[in-house]
Participant: 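After the C-alpha cells below, expect a handful of questions from me.
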Amino acid sequence: MERIAVIDFETTGISPGRHCRATEVAVVMLERGRIVERYQSLMNAGLPVPAFVAGLTGITTAMLRSAPPVAQVMNEVAEFVGSTPLLAHNASFDQKFWDYELAQIGRNRVQSFACSMLLARRLLPGAPNHKLGTLTRWAGLPDTGTAHRAMADAEMAANLAQHLAGQLRQAHGLNEVSHQLFCSLQKVPAAKVAETLKRYR
DNA sequence: TGCCAGGCCCTCTTTAGGGCCTT
C-alpha cells in the first residue's frame, strides 16, 4: 500500500464551529505497513474544554493555555501531511474538523479520506462493535497507550488499517491494496462487498 | 435566549425511526 496519513483529532465537542474547536491532532505516516513518521500537538483555540470531554480525553483547559496557537499547529500539520491520502476512524468526524480548521487558516483539503470504521463494518462484521478500541482488542492489535489521546488513537487506526489490508489480501485474495480501493470499498453496500472484491482479484 | 451533528445502516422500511460512531 502506498503512503497513507492516518489522522486523529481531539476536540471540545462533536461539531466544529465557533463553540467547538480542535484541541489536539496526531498524524502517523504509514508506508509499506510501517509507521515511518509522526506529528502530534495540542493546540489552543481559546475555548474551554467541557468537563465531560476533559474526563474522556484527559485534555484540560489548563493544558491548552500553554499549547501553541491553533493556526500554528494547523499550518504545521498541513505541511506535514501535504497531499498524502488520509485515513481516520469514523472519518466523517475528523474530515469535518480537518476541513474547518484548514478553512480558518485559508487552506483547503487536497486529498480524499478513507474511513476505517466503514471498512471494518464491511470486512469485520463479526466484531462485537466497530469502536476503535474494541476492534483493536478484538483483532489482537498492539496497545498504543492512552485511548482518546490523538497519537494513541492515530496509531490504533493505523494498525487497524494494516489489519484491514491484511484481511483483503488473505481472506479475499487481493494482491494490491490501495487507498483508492479503501475509498471505493467503503461506499459499496455491505451486502455487495464480496461480489465487488471479486472484480479486484 | 435557546439551541446545539450527521452520514451510515438496519428493520417491526421506503409516506420512518433509531442505533452506531466520532469528541
Side-chain angles (χ1 to χ4, degrees), chain A residues 4-28 40-64 67 70 73-74 77 81 86-104 109 112-139 141 144-161 163-164 182-196:
Chain A
I4 291 180
V6 182
I7 190 167
D8 186 79
F9 277 106
E10 304 305 319
T11 70
T12 64
I14 290 296
S15 191
R18 278 192 309 138
H19 303 293
C20 180
R21 300 293 297 272
T23 58
E24 186 179 45
V25 64
V27 176
V28 298
Q40 180 272 327
S41 182
L42 289 168
M43 62 185 105
N44 184 6
L47 288 186
V49 181
F52 169 76
V53 179
L56 178 71
T57 64
I59 297 169
T60 64
T61 306
M63 288 164 69
L64 298 183
V70 59
V73 173
M74 287 306 302
V77 71
V81 170
L86 283 159
L87 178 143
H89 195 72
N90 195 11
S92 66
F93 176 86
D94 294 280
Q95 181 181 321
K96 66 188 178 182
F97 277 94
W98 181 246
D99 290 351
Y100 180 86
E101 295 295 359
L102 286 182
Q104 301 311 299
R109 177 165 54 90
S112 55
F113 260 90
C115 177
S116 55
M117 185 190 75
L118 293 178
L119 291 163
R121 282 178 175 170
R122 286 160 175 75
L123 299 174
L124 307 174
N129 60 55
H130 297 91
K131 295 178 182 178
L132 182 57
T134 302
L135 289 167
T136 293
R137 288 186 293 276
W138 181 78
L141 302 174
T144 59
T146 307
H148 298 297
R149 285 302 298 265
M151 181 53 78
D153 284 5
E155 289 187 2
M156 265 193 273
N159 291 334
L160 178 58
H163 182 74
L164 293 167
F182 276 170
C183 288
S184 299
L185 203 54
Q186 71 194 18
K187 295 175 190 162
V188 173
K192 295 193 172 179
V193 167
E195 177 190 330
T196 301

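Below, chains carry the letters A, B, ... as their sequence lines are ordered, and counting in each starts from 1.
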Participant: Please report the interatomic distance CG(A:D8) to CZ(A:F93), rounded to the nearest 0.5 Å.
Facilitator: 8.0 Å

Participant: Report the distance from atom CE of A:M117 to atom P of B:dG19, rounded to the nearest whole Å.
Facilitator: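 Atom CE in A:M117 sits about 16 Å away from atom P in B:dG19.
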
Participant: If you compare every side-chain N and O of A:R21 against the phosphate oxygens of B:dT23 (OP1, OP2), does one of them come in below 4.0 Å?
Facilitator: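 For A:R21, the contact criterion (side-chain N or O under 4.0 Å from OP1 or OP2 of B:dT23) is not met.
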
Participant: Considering only heavy atoms from C-beta outward, does the side chain of A:M151 approach that of A:V28 to under 4.5 Å?
Facilitator: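 Yes, side chains in contact.
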
Participant: Can you work out whether A:S92 or A:T23 has the more 5'-proximal nearest nucleotide on DNA chain B?
Facilitator: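 Here A:S92 is the residue nearer the 5' end.
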
Participant: Measuring only the C1' atom in each nucleotide, how far is B:dT13 from B:dC9? A whole number of Å is fine.
Facilitator: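 Between the two C1' atoms, the distance is 12 Å.
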
Participant: Of the nucleotides B:dT23, B:dG7, B:dC10, which has the atom closest to the A:D8 side chain?
Facilitator: B:dT23

Participant: Which comes earlier along DNA chain B counting from the 5' end, the contact point of A:L132 or that of A:Q186, where each point is its nearest nucleotide?
Facilitator: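 Nearest-nucleotide comparison on DNA chain B picks A:Q186.
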
Participant: Look only at the side chain of A:T134 and the backbone of A:H130, and say whether a donor-acceptor pair between them is shorter than 3.5 Å.
Facilitator: no

Participant: Round to a whole Å and report the spacing from NZ of A:K192 to P of B:dC10.
Facilitator: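 Between P of B:dC10 and NZ of A:K192: 13 Å.
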
Participant: When you compare B:dG7 with B:dC3, how far apart are their P atoms, in angstrom units rounded to a whole number?
Facilitator: 23 Å

Participant: With rounding to whole Å, what would you report as the distance between B:dG18 and B:dT1 at their C1' atoms?
Facilitator: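 Their C1' atoms lie roughly 30 Å apart.
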
Participant: Is there a side-chain polar atom (N or O) of A:H148 under 4.0 Å from OP1 or OP2 of B:dT23?
Facilitator: yes

Participant: Could you tell me how far B:dT15 sits from B:dC21 if I compare only their C1' atoms? Round to whole Å.
Facilitator: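 That atom pair is separated by 29 Å.
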
Participant: Of all the choices, B:dC9, B:dT23, B:dC21, which nucleotide is nearest to the side chain of A:L118 once you look at every atom?
Facilitator: B:dC9

